[in-house]
Amino acid sequence: MIKKIALFSVIVLLLTSGCSQKKPKPGTDANSIVGETVTIDESGVNSSSRYNGSSDGMKSVYFDFGDYDISYDAQRTVTFNAGVVKGKLRGGKIKLEGNCDEFGTDEYNYALGLKRAKAVKDSLQAQGVRAGQIVLVSYGESNPQCREATESCYGRNRRVDLHPVR
Amino acid sequence: MRYLIILFFTFQLFAVDATLKIEKDVEERARISLVDGSGSTLPIGERFFSTLISDLKISGHFLPDATHHRGSISSNTVAPALKSKDYVLKYSLSQAGGLRATVKLFNASDASLLATKDYSMASINKYPFMAHKIVSELNAMLKYPDVNWLNRYVIFSRYTAAKRSVIVLADYTMQYQKTVIKGGLNLFPKWADPRQKSFYYTSFNGIIPTLYRLNIYNGSKTKITSSQGMLVCSDVSRNGSKILLTMAPDAQPDIYEMRVASRSTRRITNFAGIDVGGKYLGGEQSIVFVSNRLGYANIFKQSIGSSAVSQVVFRGRNNNAVDAYGNKVVYASRESHNSFGLNAFNLYMTSANGSGTRPLTTTGVNQFPRFSTNGNTILYVKQYQNRSSVGYINLVSNQSLLFPLGGKVQSIDW
């Protein structure tokens, strides 16, 4: 009986022991690492807007942190802008550029900037600006007006800029 | 009684075996020393050695000796001091006509030559890739799990000024960097194919955002689509035939799937708020994405073709970045109390059903989590104490490394 147990134990030990070290095969090879990549220069491409703020008499609309609702103060600015669009820029297209502060990932911020631009568009439409006159784009956090780590600067970057499309 | 004795011995054997297994996981990493036969005058000598060490460490399969041993590689002997290792890797670099390397691998105990190989490249600037190639091939030869991700390009975009950016190719250590697009505002690069011949990116240089695909070798540029508002390619199917887009044709950011060949798109999410950052789950029949449908950024899951959405993460108040591999999900969660105070974002690993959540980082601002092609390593970007780094976490071995990254990254992929 003891012999059977000993034999059984040996078998179990052999089955559960680690694998022997793998032996790699020797070889010689010449190996070339190639593949030069290009560099594309788009400096000369016409950028739609070099502005960092609104233009042509229109004013930027500002937002609270993480928010895309039009506040009372922001509404007054939108009303002013609607007057400019319908008057001085009569019939012309305008571009609304949504912007964000630096917090959060850029993809989410691009969406947040777009929601801000949409909120301004909806408000302009409510005041008689035709939807077809308005183009929207978000620049996320790519277009800061300032870079200081202050609440004031963060607030300046949470905005929608307005420009005529030429 | 006999059966009890047998049972007792059996349990004892497995109990001992379980303990040994835990120790063995650590000890299974092969101890390896490097011997540099290049000569001390080679300018890239130290950096090449450091790159080899980093590669060996992050692979999770080696315990490299950090001492920079020097010696001739022409003799097939192993110094007595190194005989306690498992392997000795001898290499010699030369700068004749670009960069060349001769590599020899020895079994340390008996100095038997296991392999010898020559490498060459035309541009010495790409020397990190030679080191990565050496280690990934050494790893494969020794039949360890694949670490070919070491050889891959990392691509990232960085703002250079207001509405200006560059898109840069780099090796995973960031020692090699080359601008692939400069000028204008071009963002959100995303590899279009597993072999990294081309990538998608969003150009803001026109009136509305436009998605392009660029071949990095011949420069051919293909327009994919345009969309008012915003347009980002957030994921690509394994065979490259489909892509996930965050688009806003009605100024409403939602996630779409596009069949690239036909340019046909179908809308996946339909929510009046923000849905961004869609990533395929295993099988590519469902996605995870970031949405503010609960009033704050969080991670959700949805089957493509179904409108039912389920919440994946149930902790944190701002979970604004996600990546997925199979059923594994990694996300970034903001953990600072004050919106304007010092921000802390940490990475968490979870599953598509939200179970098994565990932290991967504990300090700093950790963002842009990205799985490697085999799902075993995570790339991320860390900002800590005014320093920016790209980090890698090997999920199997728990090894992690950080490499300096100059400047703030806008988006990154590998």
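Given the structure is predicted, the values throughout are model-derived calculations rather than measurements. First the proteins, then the strands, lettered A, B, ... as listed; each starts at 1.
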> So which part of Ile167(B) gets closer than 4.5 Å to some heavy atom of chain A, the side chain, the backbone, both or neither?
Replying inline: neither
> Can you list the residues that meet the salt bridge (Lys or Arg N to Asp or Glu O under 4.0 Å) rule with Asp171(B), with sequence neighbours excluded?
Replying inline: none
> In Å and rounded to the nearest 0.5 Å, what is the CG to OG distance from Leu187(B) to Ser142(A)?
Replying inline: 6.5 Å
> Do Asn292(B) and Tyr68(A) touch side chain to side chain, with heavy atoms closer than 4.5 Å?
Replying inline: yes
> Is chain B contacted by the side chain of Gln145(A), its backbone, both, or neither, given a heavy-atom distance below 4.5 Å?
Replying inline: neither
>> Other residues, nucleotides and ligands only: do more than 12 of their heavy atoms fall within 6.0 Å of NZ on Lys86(A)?
In response: yes
>> Applying side-chain contact (heavy atoms from CB on, under 4.5 Å) to Leu112(A) and Ile274(B), what does each step give before you reach the verdict?
In response: CA-CA 7 Å; Leu112(A) 181 57; Ile274(B) 294 174; 4.2 Å; yes
> Residue by residue, which of residues 115-122 of chain A have a heavy atom closer than 4.5 Å to a heavy atom belonging to chain B?
Replying inline: Lys115(A), Lys118(A)
> Any donor and acceptor pair, going by atom type alone, linking the side chain of Gln228(B) with main-chain N or O of Leu136(A) inside 3.5 Å?
Replying inline: yes
> Heavy-atom distance under 4.5 Å to chain A: side chain of Ala140(B), backbone, both or neither?
Replying inline: neither
>> For a quick test of reading the model, state the closest non-hydrogen atom pair linking Tyr153(B) to Gly35(A) and the distance between them.
In response: OH-O, 4.0 Å
> Looking at Val38(A) and Asn218(B), what are the two nearest heavy atoms and their distance?
Replying inline: CG1-C, 4.0 Å
>> Contact between Thr37(A) and Val180(B) at the side-chain level, heavy atoms closer than 4.5 Å - yes or no?
In response: no
> Counting only N and O atoms by type, is there a donor-acceptor contact under 3.5 Å from the side chain of Glu107(A) to the main-chain atoms of Gly277(B)?
Replying inline: yes
> Do Thr39(A) side-chain atoms and Thr179(B) backbone N/O form a donor-acceptor pair below 3.5 Å?
Replying inline: yes
>> I need the residue from Ser165(B), Pro253(B), Gly98(B), Ala251(B) with the largest number of non-hydrogen atom pairs under 4.5 Å to chain A.
In response: Ala251(B)
>> Tell me whether Glu36(A) is salt-bridged to Lys178(B), with the criterion being a basic N under 4.0 Å from an acidic carboxylate O.
In response: yes
> In Å, rounded to the nearest 0.5 Å, how long is the span from CG of Asp106(A) to CD1 of Ile412(B)?
Replying inline: 13.5 Å
> For Ala111(A) and Val276(B), which heavy atoms make the closest approach, and how far apart are they?
Replying inline: CB-CG1, 3.5 Å
> Does Glu42(A) reach the side chain of Ile181(B), with side-chain heavy atoms less than 4.5 Å apart?
Replying inline: yes
> Is it the backbone or the side chain of Asn318(B) that comes under 4.5 Å from a heavy atom of chain A, or both, or neither?
Replying inline: neither
>> Let's test your reading of the structure: which of Ser123(B), Gly273(B), Ser234(B) forms the most heavy-atom pairs below 4.5 Å with chain A?
In response: Gly273(B)
> Mind checking whether Tyr139(A) and Phe204(B) have parallel, tilted or perpendicular rings, split at 30° and 60°?
Replying inline: tilted
> Quick one: CG on Asp275(B) to OH on Tyr108(A), what's the gap to the nearest 0.5 Å?
Replying inline: 9.5 Å
> Between Tyr110(A) and Val232(B), is any pair of side-chain heavy atoms under 4.5 Å apart?
Replying inline: no
> Minimum heavy-atom separation for Leu114(A) to Ala248(B), with atom names?
Replying inline: CD2-CB, 3.0 Å
>> Is Ala101(B) in contact with chain A via its backbone, its side chain, both, or neither, using a 4.5 Å heavy-atom distance?
In response: neither
>> Is Leu96(A) close to chain B through its backbone or its side chain, or both, or neither, when contacts mean heavy atoms under 4.5 Å?
In response: neither
>> Heavy-atom cut-off 4.5 Å, strictly under: side chain, backbone, both or neither for Asn215(B) against chain A?
In response: backbone
> Distance from Ser138(A) atom OG to Leu231(B) atom CG, nearest 0.5 Å?
Replying inline: 12.0 Å
> Do the side chains of Ile207(B) and Val165(A) get nearer than 4.5 Å, heavy atoms only?
Replying inline: yes
>> At a 4.5 Å cut-off on heavy atoms, which part of Ile216(B) comes close to chain A: side chain, backbone, both, or neither?
In response: both
